[in-house]
Amino acid sequence: MRHTGQPWSGAFRAFASLAVCTLATTSSFALEGSFNHPTYKKLARLDQCYVWGRYCGKMAADTYCRAQGYERSLRFDTEPARPTRLASDGRVCDADFCVGFKRITCYTSAEQRGKGGNWPQRID
């Protein structure tokens, strides 16, 4: 029997085929979206706090991401801003101490984001 090629070429091909099959069956989808100066219902910048002075940061950012059709927030930055609106009820903060989101990066494990729009219901 005549041998041509390198001695490991058959083993390499088998390994490469196995790797391609493994990647094809274990790949998962993920989608990120970044939003500069995110707003509450397009009315004003989103305040960093979910309710007045409490649950600041992650909870408000997660609420925004869910409203945009993502699962949750990955990262966010804040900066002084006015006016801002609270994610929980849309209340306005219009003072020197107000802080809004500068940028929010959202994540979903789905291939594409959902329809979103799930802002908490405002109760007056």
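Between the R45 side chain and the R82 main chain, no donor and acceptor come within less than 3.5 Å of each other. Between the side chain of T84 and the main chain of V99, no donor-acceptor pair closer than 3.5 Å is present. Judged by distance alone, the side chain of E32 and the main-chain N or O of T105 form no donor-acceptor pair under 3.5 Å.
In plain terms, the two heavy atoms of A60 and Y50 that are nearest each other are CB-N, 3.8 Å. Of all non-hydrogen atoms in Y70 and G33, the two that sit nearest each other are OH-CA, 3.5 Å. Taking every heavy atom of both residues into account, L31 and Q112 meet most closely at CD2-CA, 3.7 Å. Of all heavy-atom pairs spanning D89 and Y40, the tightest one is C-OH, 4.0 Å. The nearest pair of heavy atoms linking P83 to A44 is O-CB, 3.9 Å.
Once rounded to the nearest 0.5 Å, the distance linking CZ of R91 with CG of L86 reads 6.5 Å. Between the CG atom of L74 and the CD1 atom of I104 there is a distance of 11.5 Å, given to the nearest 0.5 Å. Atoms CG and OG1, on L46 and T63 in that order, are 8.5 Å from each other to the nearest 0.5 Å. In this structure, CZ in R113 is found 15.0 Å from CZ in R66, a value given to the nearest 0.5 Å.
Using a cut-off of 4.0 Å between Lys/Arg side-chain N and Asp/Glu carboxylate O, D62 and R72 are scored as not salt-bridged.
Taking the six-membered ring for Trp, Y64 and F101 have ring centres at least 6.0 Å apart.
Put simply, W52 and Y55 are part of two different groups of oily side chains (I, L, V, M, F, W, Y) that touch within less than 4.5 Å, one to the next. Transitive grouping of hydrophobic side chains (ILVMFWY, heavy atoms separated by less than 4.5 Å) keeps V92 and F97 in distinct clusters. Linking Ile, Leu, Val, Met, Phe, Trp and Tyr whenever their side-chain heavy atoms come within less than 4.5 Å puts L43 and F35 in one cluster.
Under the side-chain hydrogen bond (donor to acceptor under 3.5 Å, both in side chains) test applied with H37, the options R103, E79, K102 reduce to a single match, E79.
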